Amino acid sequence: MEQIIINGGSPLYGNVSIGGMKNAALPVICACVLNEEACVIDNIPPVSDIETLLEILSTMGASVRRLTKYSVEINCKNLVPCTSPMELANKLRGSSYLLGAEFGRFGKSSVSHPGGCSIGARPLDLHMKAFEALGADCTHRNGRLEVEAENGRPVGSSIYFDKVSVGATANAILASVLADGITTIDNAAREPHIVDLAVFLNACGAIITGAGTSVIKVKGVEKLHGCRYSIIPDMIEAGTYMAAVAATGGRVTVTNVIPKHLEAISSKLEEAGATVTVGDDFVTVESTGKLKGINIVTQPYPGFATDMQAQFGAMLCFAAGTSTITENIFNSRFQYTDELSKMGADIKVDGNHATIIGGAKLSGAPLMSHDLRGGAAMVIAALATEDTSVIEGIDKIERGYHNIVGKLRDLGANIQKKTSYTDEQIRVAFN
Ligand code: EPZ
């Protein structure tokens, strides 16, 4: 087991460069399944979710060639559909995009139920609604979801989502790019990574309009051609470092970002008393570390991102006064508060509401990361606490944050990663 050890209490100073967005790269990588020509994807974040998805494609017969740590060439000409290995696909939510991509190209798909962070219910009913609208039968068999077009190919249709869903919107796009006819997706997700997927597919010859709005139109084409494409910067990675310096105090410039994607985050940081200066491709956050309580309500983009909720929850433990968080997207995304309570945080959770009484002096503690963003929240809390904390379960953090220890150390944090051995491992090693 690896753990992160943080001796907190130091302000953060310097520059941090942001990588490609994990949640944009996952659907773009799966979109290569629609293509019989090679695509080169740049600015890929080298995190475990991405590595797992590339391994899945390779196992299915695609050619996956790493050009650099951040660039990969993918050619799915020889990919065999319905062969994604269950033990890999159920490690991440992003494998669900194989459903739309396989169905889109081959008229059929079979993928094990995806994994993903344990943050509440993560059904696929909206995904299946989209596939059925495009003429598919969807069945659950032996732990896999099977999707098959009644007449061998998706048929363009109208899809209405009762609830905004990033994954279902992306899958509806993937499933309709090669469909016979036009598809309209209504009440679509507007996240930047939906736009990124559409821009990538249009660069391959797809005809998608309206991405970034709640109505997306896809005109089916016969086939796609290869292209080279660079993934957008990760707004959640950026926001995580912004929340960290707001909590610890200091001055950090976050580079390689699209400031527009960070507007909700920047606005709430300023409301809490930090100063945010916006450049063309960077934002600088300055904080005395003395914040005031605010209220957070998570919404689909362009609202405040649910993926930033935990990080702000940690930050607000250090703000004077009372803060509230309303989590409208997932029904169990406050697990991290139990860990922060071990540090002395005063947080009361009632359903999808949390009330944080800030200002208490926290103390270090042994912490367990249950999910990606909850783990990031613990890192933020430990950085802002004048004590030593040890965080276990960092494999969950490294699913979405490349080199988080190195980047924070470069900002002046007293942080290190070490391997912790169980008593059994020690006994075996020394006997
Ligand atoms: C994506 O998950 C992200 N994951 C999540 O990020 C992110 O929190 C979420 O979008 C919302 O922005 C990836 O991109 C891999 P949804 P996804 O479908 O697509 C309900 C992270 O930390 N729903 O937008 O699964 C669902 O239960 C991860 O990087 C249905 O009811 O999210 C939730 O309440 C965590 N039926 C709401 O919609 C469905 O068929 C939004 O989920 C699908 C979703």
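Heavy-atom basis, side chains included; hydrogens, waters and symmetry copies ignored. Keep in mind that this is a model prediction, so the values were computed, not measured.
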Check the surroundings of atom [atom1] in [X]: do more than 12 heavy atoms from other residues, nucleotides or ligands lie under 6.0 Å from it?
X: Asp162; atom1: CG; result: yes
X: Glu222; atom1: CD; result: no
X: Arg65; atom1: CZ; result: no
X: Lys292; atom1: NZ; result: yes
X: Arg251; atom1: CZ; result: no
X: Asp350; atom1: CG; result: no
X: Lys108; atom1: NZ; result: no

| Can you tell which of Gln309, Gln311, His370, Arg373 makes a side chain to side chain donor-acceptor pair (under 3.5 Å) with Tyr336? | Gln309
| message | With side-chain contact (heavy atoms from CB on, under 4.5 Å) as the criterion, how do Ile74 and Leu54 come out once you've worked through the C-alpha distance, each side chain's angles and the decisive distance to 0.1 Å? | response | CA-CA 9 Å; Ile74 301 171; Leu54 291 174; 3.9 Å; yes
| Can Ile216 and Ile194 be said to form a side-chain contact (heavy atoms from CB on, under 4.5 Å), step by step? | CA-CA 10 Å; Ile216 298 173; Ile194 294 294; 3.9 Å; yes
If I take atom [atom1] from residue [X] and atom [atom2] from residue [Y], how far apart are they, to the nearest 0.5 angstrom?
X: Glu102; Y: Glu148; atom1: CD; atom2: CD; answer: 11.5 Å
X: Ile208; Y: Asn202; atom1: CD1; atom2: CG; answer: 4.5 Å
X: Asn75; Y: Asn35; atom1: CG; atom2: CG; answer: 8.0 Å
X: Asp346; Y: Thr355; atom1: CG; atom2: OG1; answer: 9.5 Å
X: Lys407; Y: Thr240; atom1: NZ; atom2: OG1; answer: 10.5 Å
X: Thr385; Y: Leu362; atom1: OG1; atom2: CG; answer: 4.5 Å

Below 4.0 angstrom, N of the basic side chain to O of the carboxylate: do [X] and [Y] qualify?
X: Lys22; Y: Asp234; value: no
X: Arg399; Y: Asp371; value: no
X: Glu271; Y: Lys268; value: yes

| task | Go through the steps to decide whether Thr275 and Glu286 satisfy the test side chain to side chain donor-acceptor pair (under 3.5 Å), and finish with yes or no. | result | CA-CA 5 Å; Thr275 305; Glu286 203 158 0; 5.6 Å; no
Using side-chain heavy atoms (C-beta onward) and a distance below 4.5 Å, is [X] in contact with [Y]?
X: Ser84; Y: Arg144; answer: yes
X: Ser389; Y: Met378; answer: no
X: Ile231; Y: Asp196; answer: yes
X: Thr324; Y: Ile296; answer: no
X: Ile294; Y: Leu316; answer: yes
X: Ile391; Y: Glu339; answer: no
X: Phe318; Y: Leu291; answer: no
X: Phe200; Y: Cys39; answer: yes

| request: For side-chain contact (heavy atoms from CB on, under 4.5 Å), just list the numbers for Cys30 and Leu53, CA-CA rounded to whole Å, side-chain angles, deciding distance to a tenth of an Å, and then say yes or no. | output: CA-CA 8 Å; Cys30 287; Leu53 189 59; 3.7 Å; yes
| query | Hey, mind stepping through Glu263 and Lys260 against salt bridge (charged side-chain N to carboxylate O under 4.0 Å, His left out) and telling me if it holds? | reply | CA-CA 5 Å; Glu263 284 179 351; Lys260 178 157 183 54; 3.6 Å; yes
| Going by atom types alone, do His193 and Asn23 pair a side-chain donor with an acceptor below 3.5 Å? | no
| field | Under 3.5 Å side-chain donor-acceptor pair for Asn256 and Ser17 | value | yes
| request: Show your reasoning for whether salt bridge (charged side-chain N to carboxylate O under 4.0 Å, His left out) applies to Glu327 and Arg333. | output: CA-CA 7 Å; Glu327 172 54 62; Arg333 202 163 197 176; 5.2 Å; no
| said: Would Glu55 and Lys91 count as a salt bridge (charged side-chain N to carboxylate O under 4.0 Å, His left out) here? Give the steps. | reply: CA-CA 12 Å; Glu55 186 183 351; Lys91 282 186 172 179; 5.9 Å; no
Heavy-atom pair of closest approach, residues [X] and [Y]:
X: Tyr97; Y: Ala170; result: CE2-CB, 3.5 Å
X: Gly279; Y: Pro259; result: O-CG, 3.2 Å
X: Tyr70; Y: His402; result: OH-NE2, 3.5 Å
X: Arg93; Y: Pro123; result: NH2-O, 3.0 Å

| Distance-only, no hydrogens or angles: does the Thr326 side chain make a donor-acceptor pair with backbone N or O of Val297 under 3.5 Å? | no
| request: Go through Arg228 and Ser71 one step at a time and tell me if the side-chain contact (heavy atoms from CB on, under 4.5 Å) criterion holds. | output: CA-CA 10 Å; Arg228 181 158 199 159; Ser71 289; 4.2 Å; yes
| message | Taking side-chain contact (heavy atoms from CB on, under 4.5 Å) as the criterion, tell me which of Thr184, Asp186, Leu134 meets it with Ile159. | response |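 Of all the options given, the one that passes is Leu134.
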| task | Determine, step by step, whether Thr298 and Asn328 satisfy the side chain to side chain donor-acceptor pair (under 3.5 Å) criterion, reporting the C-alpha distance in whole Å, the side-chain angles of both residues, the deciding distance to 0.1 Å, and the verdict. | result | CA-CA 6 Å; Thr298 65; Asn328 287 316; 4.7 Å; no
